[in-house]
Amino acid sequence: MTTMKGSDMNERIFNFSAGPATLPVSVIEKAQEDLLCFPGAGMSVLEMSHRSKEFEGILADAVSKVRSLLSVPEDYDVVFLQGGASLQFSMIPMNFLAAGQSADYIITGAWSEKALEEAQKVGTAREAASSAEGGHKRIPRQEELDLDSSAAYIHYTSNNTIFGTQFSSVPACGSVPLFCDFSSDMFSRPIDVSRHGMLYGGVQKNLAPAGATLVILRRDLLDRVPNGLGSMLDYKLMASKGSLYNTPPVFSIYMTGLVLGWVQEQGGLEAIEKLNQAKASTVYTAIDDSDGFYTGHAEKDSRSLMNIPFRLPTETLEKEFLAQVGPAGFSGLKGHRSVGGLRASIYNAFPTEGVDRLAEFMETFRRAH
Ligand SMILES: *Cc1c(COP(=O)(O)O)cnc(C)c1O
């Protein structure tokens, strides 16, 4: 089941997709086992009321695993919402950017640009730094951040899914609340929640199937939420109802719990980070040891452990490379259109065997050309 060739329709291949993305095989098997009948419920999780005691248990379990893996302090709420990270881009300014205030956005790629655009539809928001010059190849250094000490909040994207750069440490922000879109590196390494006002992300990159949006929010910030927001856009209401204001994405939350259980079995976030470092290093070594045949998009000190965009010497070679990866048992390697070339997304659940095989393939292809 886990060894893959791609030639047999029933065999799993190595899926390098940026999201939705590969999930742990043991988790899919567990979900399959529970699918006809969730233990004790007489029905599957796809069919049960979100107000049932079984689902209450599933939700409480997912929330408690989020809290324990990330050491979420007591004064933070953990909520599952819908609408993806993209709706958070709008909800954040609607809830936390009052008239007369300004918010700071650290721009490191397409997602942070979108977040800023949405904020500017609501109020005043500015670029506190940008890596656009040169094509988002690096993370701005702390001294390059032009931060407004009276800002309503500072927003950054911890990992840039498209350009393959990643913050290696949390930016220092003084007393201004720091908001982080961690859609594409959540649970890939430890992160200090207490340095953030809020962390959020769509679960479909590094955690679970699409549907849920995870939001971790410092409770005192809820005092800022204005009256009169649409109910579904109101963090205060959503938090007070514990993810159950309306019907939540039950299957995505259930899978979140299973995947977080798998993360715990791997030894937690420190152990997962080591695995991720080793996997990324295999691919970066294949790039760096290629005598310039492969070039990584990101500068070395800004490289992501999750998404690795790279180029070949010509577009013709890139096409040839892509034509050969399917038969080799890989999928999802085509780069994002804004960067071109190739991109290997190797989230938590992506197996070590797959990166080893990709590195071998890259070496064989290089020698043949
Ligand atoms: C994919 C992605 C998004 C968009 O997520 P949706 O859940 O599809 O709205 C936002 N931010 C980052 C960093 C992403 O990788």
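Sequence positions, counted from 1, serve as the residue numbers for this chain. Counting starts at 1 for both ligands and their atoms, following the listed order.
Within the 4.0 Å heavy-atom shell around ligand 1 one does not find N160. Residue-ligand proximity: Q204 is placed with a non-hydrogen atom under 4.0 Å from ligand 1.
Taking the charged nitrogens against the carboxylate oxygens, E118 and K114 have no contact shorter than 4.0 Å, which rules out a salt bridge.
F321 CZ to K334 NZ: the interatomic distance, rounded to the nearest 0.5 Å, is 13.0 Å. Rounded to the nearest 0.5 Å, atoms CG (L317) and CZ (R366) are 13.0 Å apart.
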Task: Verdict with supporting geometry, E117 and K121, salt bridge (charged side-chain N to carboxylate O under 4.0 Å, His left out) - done: CA-CA 7 Å; E117 277 165 31; K121 291 179 188 170; over 6 Å; no
Task: T157 vs F167, side-chain contact (heavy atoms from CB on, under 4.5 Å): CA-CA, chis, key distance, verdict - done: CA-CA 8 Å; T157 310; F167 279 82; 5.8 Å; no
Open item on the list: Checking H136 against T108 for the side chain to side chain donor-acceptor pair (under 3.5 Å) test, could you report, in this order, the C-alpha distance in whole Å, the side-chain angles of both residues, the deciding distance, and whether it holds?
Closed with: CA-CA 6 Å; H136 297 301; T108 48; over 6 Å; no
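Contact atoms of ligand 1 toward N159: 13 (C) (distance under 4.0 Å to a heavy atom of the residue). When each atom of ligand 1 is checked for a heavy atom of T157 under 4.0 Å away, the hits are 13 (C). In summary, the atoms of ligand 1 found under 4.0 Å from a heavy atom of S86, numbered by their order in the structure, are 4 (C), 6 (P), 9 (O). Listed by atom number, the atoms of ligand 1 under 4.0 Å from F89 heavy atoms are 10 (C).
Just one of V215, L81, L214, V79 meets the side-chain contact (heavy atoms from CB on, under 4.5 Å) condition when paired with S243; it is V79.
For the residue pair S188 / N348, no side-chain donor-acceptor distance below 3.5 Å is found, with atom types taken as modelled.
Taking any N or O of G84, backbone or side chain, none lies under 3.5 Å from an N or O belonging to ligand 1.
At the shortest separation from atom 11 (N) of ligand 1 among protein heavy atoms lies D181 OD2, 2.6 Å. Remark: minimum distance from atom 5 (O) of ligand 1 to any protein heavy atom is reached at A85 CB, 3.6 Å. Looking only at heavy atoms of the protein, atom 15 (O) of ligand 1 is closest to T161 OG1, 2.4 Å.
With a heavy-atom cut-off of 4.0 Å, K205 touches ligand 1 through its side chain alone.
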